[in-house]
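We're numbering straight along the sequence, starting at 1. In each ligand, atom 1 is the first atom listed, and ligand 1 is the first ligand listed.
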Amino acid sequence: PDRIISGIQPTGILHIGNYYGAVKNWINLQNSNEIICSIVDFHSITLSYASKLLDHKKLPENILLMTACLLGCGLNSEKSILFLQSEVPQHTQLCWVLSCLTTVPRLARQPQYREKSENIKDIPSGLFFYPVLQAADILIYKATKVPVGKDQLQHLQLASHLARKFNALYGETFPIPELIFSGNIASKIKNLRNPHKKMSKSYPDKLSRIEITDSPDDITEKIKKAVTDCTSQVTYEPDIRPGVSNLVGIHSVITGRSPAALCDEVKHLNTGQYKLLVAEILIETLKPIQKEINQLLNDKSFLISVLKNGAIKASKITSDTWTVVRKKIGCHYFL
Ligand code: TYM
């Protein structure tokens, strides 16, 4: 059977890009597979030293909020393993071993590193090692499948490279993890303020994303203010009309209908009217999830117990892999 693992940073509130690009896929997969889902708090501190955007005092609260959001979206803590990365030390231990198997130039070429370090004067080395820790998150479970959005492609390629490298040097140990995407549109939901970029938790302008907990008024305002162009017709042409196409894309991902069918159906509407329709659909879709999240947030001790049990289940797997790794690399006198 497949071993499926994924992760999410608790840097902000879950948005519809995360939901349709990744989380919804985890929930579909959990019916027939065990899903291991890590709230990657160690990843989320990589930029806190360099940017004022992240506040470490808010991290514990964000972690519980992310836990409630994931459960509220339908992740089942009985069937799946939901846990906090920092509670399972073998992730960072394997990260060290893997970091010894790659090179400084290779990590420096990672597109996300280049992009994120571009405007920082004192680049934290944690940002540089970010994808190695992500590879460790995956390989420590000997994962075979990793459901993520398109933005994670290069990180996954590095994880596969490191698995091959380890296997070649120390003998067959890790399966080569395979990526799974939710679908062409769902895997890359765009930023509402700048449709050339992806929707992201950390983008400074909150109007750029629909957060899963947004009120109906917030949703309407954000969709109304979504950047489109001066053509009033609704069409799906991502290359030349990325703004309106992103709205059609979101509409298509929610309803499961093709962009062409949707454009045909709304040909009597201009983009302004169409925005109100998309907002309405989003509001209705998120309503039941929000109800669940609000209920979960009333019971913080339950959320903590989910993470605690998850860490216990996760540790059973990681300590086995870690013992094998230590033996293979020769660091094992006391085992
Ligand atoms: P993160 O926290 O940025 O995002 C969580 C998941 O949501 C997907 N995603 C999107 N999908 C579609 N459209 C978007 N606009 C969009 N934005 C985000 C991401 O692809 C991801 O699947 N580095 C990872 C976290 C991580 C991880 C791992 C993932 C750490 N270790 C191990 C998988 C396996 C990240 O920052 O995700």
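Looking only at atom types and distance, the side chain of His91 has a donor-acceptor partner in the side chain of Tyr141 under 3.5 Å away. With no hydrogens or angles considered, a side-chain donor-acceptor pair links Thr235 and Glu237 at under 3.5 Å.
Ligand 1 lies under 4.0 Å from heavy atoms of Ser6, Gly7, Ile8, Gln9, His15, Gly17, Asn18, Gly21, Ala22, Val40, His43, Tyr130, Gln134, Asp137, Ile138, Val146, Val148, Gly149, Asp151, Gln152, Ala186, Ser187, Lys188, Ile189, Lys198, Met199, Lys201.
Pairing each heavy atom of Gln110 with each of Gln154, the nearest pair is OE1-O, 3.7 Å. Across all non-hydrogen atoms, the minimal contact from Arg193 to Lys225 is NH1-O, 2.6 Å.
Classified by interplanar angle (parallel below 30°, tilted 30° to 60°, perpendicular above 60°), the ring pair His251/Tyr274 is tilted.
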Name the atoms and distances for all side-chain donor-acceptor pairs under 3.5 Å in residues 76-84, with sequence neighbours left out.
residue: Asn76; atom: OD1; partner: Glu78; partner atom: N; Å: 2.7
residue: Asn76; atom: OD1; partner: Lys79; partner atom: N; Å: 3.1
residue: Lys79; atom: NZ; partner: Asn31; partner atom: OD1; Å: 3.1
residue: Ser80; atom: OG; partner: Gln30; partner atom: OE1; Å: 2.9

